[in-house]
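Here's the structure we're looking at; comments come further down.
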Amino acid sequence: MTDKTIPSKYDPTEIEARWYPHWERAGHFRLNENAPGPVFTVVIPPPNITGSLHMGHALNNTIQDITIRFKRMQGYKVLWQPGTDHAGIATQNKVEQALAAEGLTRHDLGREKFVERCWAWRDQYGREIVEQLRLLGCSCDWERERFTMDEGLSRAVRTAFKAYYDAGMIYRGARMVNWCTRCHTSISDLEVEYEDQSSHLWYVRYSLADGSGSLVVATTRPETMLGDTAVAVHPEDERYESFIGQEVDLPLTGRKIPVIADDRVDPAFGTGAVKVTPAHDPNDYEMAGRHGLESRVVIDFEGRMTAEAGAGYAGLGVEECRKRVVADLEGLGLLEKTEDYAHSVGTCYRCHETIEPLVSEQWWMDMSPLKGPAIRVVETGEVRFIPERWTRVYLDWMENLRDWNIGRQLWWGHRMPLWYCDACGGIVVEIETPERCPECGGPLRQEEDVLDTWFSSALWPLSTLGWPDDEEELKRLYPTAVLSTAPDIIYLWVARMIMSGMHFRGEKPFSHVYLHATILAQDGRRMSKSLGTGVDPREVITDFGTDALRFTLVILTGQGQSVRLWEDRFTVGRNFANKVWNAARFLQLNLAGSHLADEAPLSAAELPDDRELNLEDRWVISKLGRLAGEVTDALEAYRFNEAAHLAYEAFWHDYCDWYLELIKPRLYGDDYKAKGVALAVALHGMRLLLKLLHPFMPFITEELFHRLFPNAPADLMVSPWEDHEDWPGYAGDEEHVERLQKLIDAVRNIRGEMGVPPGAKVRLLVKTTDGDLAALIEAQVGYFANLAGVEGIETGPEVVKPKGAAVGVAGDVELYVPLAGVVDFSAELERVKKELGKVRERLSKVDKKLADSQFREKAPAEVVRGEEEKRDRLVAELEALQRHLAHVEEML
Ligand SMILES: [Zn+2]
Ligand SMILES: [Zn+2]
């Protein structure tokens, strides 16, 4: 960039495409060993290789990048460790879909070829998300990028598995699991997504075996009755007292089953008598354990009815079988009634197939040895959740921690490092693949299951930072400083990282866990592609720029709150970026011919001497120095939106609206030296603001920094942060300017409300007994002339209100602006009346529309809301006009 002129038009696309590769080539993203401060490490929550950037990612990664850029400028040795996750089920599904398009299944290929296809898929598509993170400006150390299935991380997984196995924590057992008949794997309780579905409740009559009576059982799953082994009632339910211990004929099966009493039965559900299907319902499975009931498997792992279901039903799908059973019961006259019934049904989080609870032989991990340390480290505050309320959520879950089903019946993932010897029946668990059985020398057969994807994620902060092989690296980089993530993976991920860290290192993986806001669509629900309510961050980047995307996301999302977003909202960020651009350009235009254009001041130590400063210079220096401290504090405390707000307000109002306006007389005057001082202070202010804004808007700030500070020895992103103590404070001057600002605002309000023509000059009378204030006003008449069009000021205790003067109040001071001869009040009266008429007419139209019940019922909710908002705006406008009318009438 040889020409440093700031172009009149801000073009984010061009700027953003230029800086990222520059920073990367310059090595700014690398762990900076030579920085003076301590190490500050953040591990990225590894996005799935199947993922593409959504707003949640955009927010979370912006937050991490802000933290990293802030700490880098503060002089820490920062490392943002990036990487991606192999995403077992999701990736396998993608590859299976591709195979299906070729008319193939994974079984046609066999395991080895299928896994090769998964790797090929990853090489082709798995880097999309990483490219998107670059587009977002993320300053990760890409040279250290990891993948959960790379060699080192796979070794970490095997090492952890062996350690747990050797400690007796990994075992195999038949348990009821959540089975996806489409994905052909179990999934964890946390991965089951519940969907509200409307279905039915069927009431079926069962006769007592001795013919002495009957009872009615209500069920949402009539097909499972083929596997029933009991009917259960509550022990204190008087309706069924005499049935307990008897047998009933189970329709359609020819079997007899007992009526049992169990206090887990809810007497208020259906008829109070429920069927018990131990093989296909988790509660019934437990009940069967308590009562020693047999278990009959009538649904297989494909979701088909087994031979055990009986000749008429075997081989049917679950849905089909349900229809057949209901029809057969109806034919036998045993279906008492059918009610509509809405209930929540568990579905697979990946494919949304209904989950079948099935008993399956699975690998489990006993979590009890991991629990204590992981609870303690949070209770003592060594690991702190932000916002604080998540601490309770975490602790409650840890108290009720259950064993973890770690096996997945997939082919893509970490295959368990466990081998069977068929010759001697031994089991071998090793980190390195063994050749033969160490006991008998026989051939070995590796376990088919892969590990749950979260098994490797649980090791992420350890495995990416050197564990298990590089002790030096671990000592230097572990534990990390902060983890920023979405609240919905506290259990799946955050808790497990804490447990692994404590188990393998005896040390927490991070000090702080920041749980970011939830982003919702305009309708207050989660963004949905199918409803078209999603906003694609890439589109926002194209339309508004990355800086606008980042800044808007952060300024709009409070700590731990949810936020509604739609594309138009990103104008907040774009307008601000434009404001920053234009202010920098204004400054540069005024620098023409000054030595400051080439030798801009690079630190607050170069501020002009106290004696050369005007009141407004001392004010802005003091104010911006204080701002630096406040932004620093807010960033340290993860109050990102507060930091963004502070910088935004200071830039827009203090710096642009006041300071740059107040120095205009010096900029445009003949006093060369005075102009130089004003420019120098303005440049100092701009440098500080660009630094404070850099973590939020890295591209535009870097660009403007280079154009205004061509003598800077380094890029902005690696320039030192400036804090409160670097800047001198002038508290008294801040107070003085604030008093003057209040008076100027009051005059401006009067001008606006009374319709004073913009060019017209007014007189100002300030009634005050405060001699200091009077002196201050008289010393700064220029402020009033410059910013409020005031020509001639009178101050003092004896000031009286002239006739035809508007009255204003600023704090405890009353002020008058004589308007006779300045404003034509009778013409103004006519104008206001006419305007009032128009607003009333528009308001009555909207009111009529909103009073129409047809409109309210039929129009889409957004349209109705739009009309309501319009009415509110018109009411406010009407009130303002009425107030103004009253003022004008007073003047006549
Ligand atoms: Zn599935
Ligand atoms: Zn053997």
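Heavy-atom basis, side chains included; hydrogens, waters and symmetry copies ignored. One-based numbering, in listed order, for ligands and for the atoms of each.
- Side-chain polar atoms of Asp189 and Asn178 form a donor-acceptor pair below 3.5 angstrom.
- Geometry note: the Zn ion (ligand 2) is the vertex, Cys421 SG and Cys440 SG are the arms, and the angle is 100° (rounded to 10 degrees).
- Within the 6.0 Å centre-distance limit, the rings of Trp119 and Phe147 are counted as a close aromatic pair.
- Rounding to the nearest 0.5 Å gives a distance of 4.0 Å between CZ of Arg538 and CD of Gln132.
- Angle SG(Cys424) to the Zn ion (ligand 2) to SG(Cys437): 110° [nearest 10 degrees].
- For His352, every N, O or S atom stays at 2.8 Å or more from the Zn ion (ligand 1).
- Checked by atom type and distance alone, the side chain of Gln409 pairs as donor or acceptor with a backbone atom of Ser186 at under 3.5 Å.
- When rounded to 10 degrees, the angle formed at the Zn ion (ligand 1) by SG (Cys180) and SG (Cys351) equals 100°.
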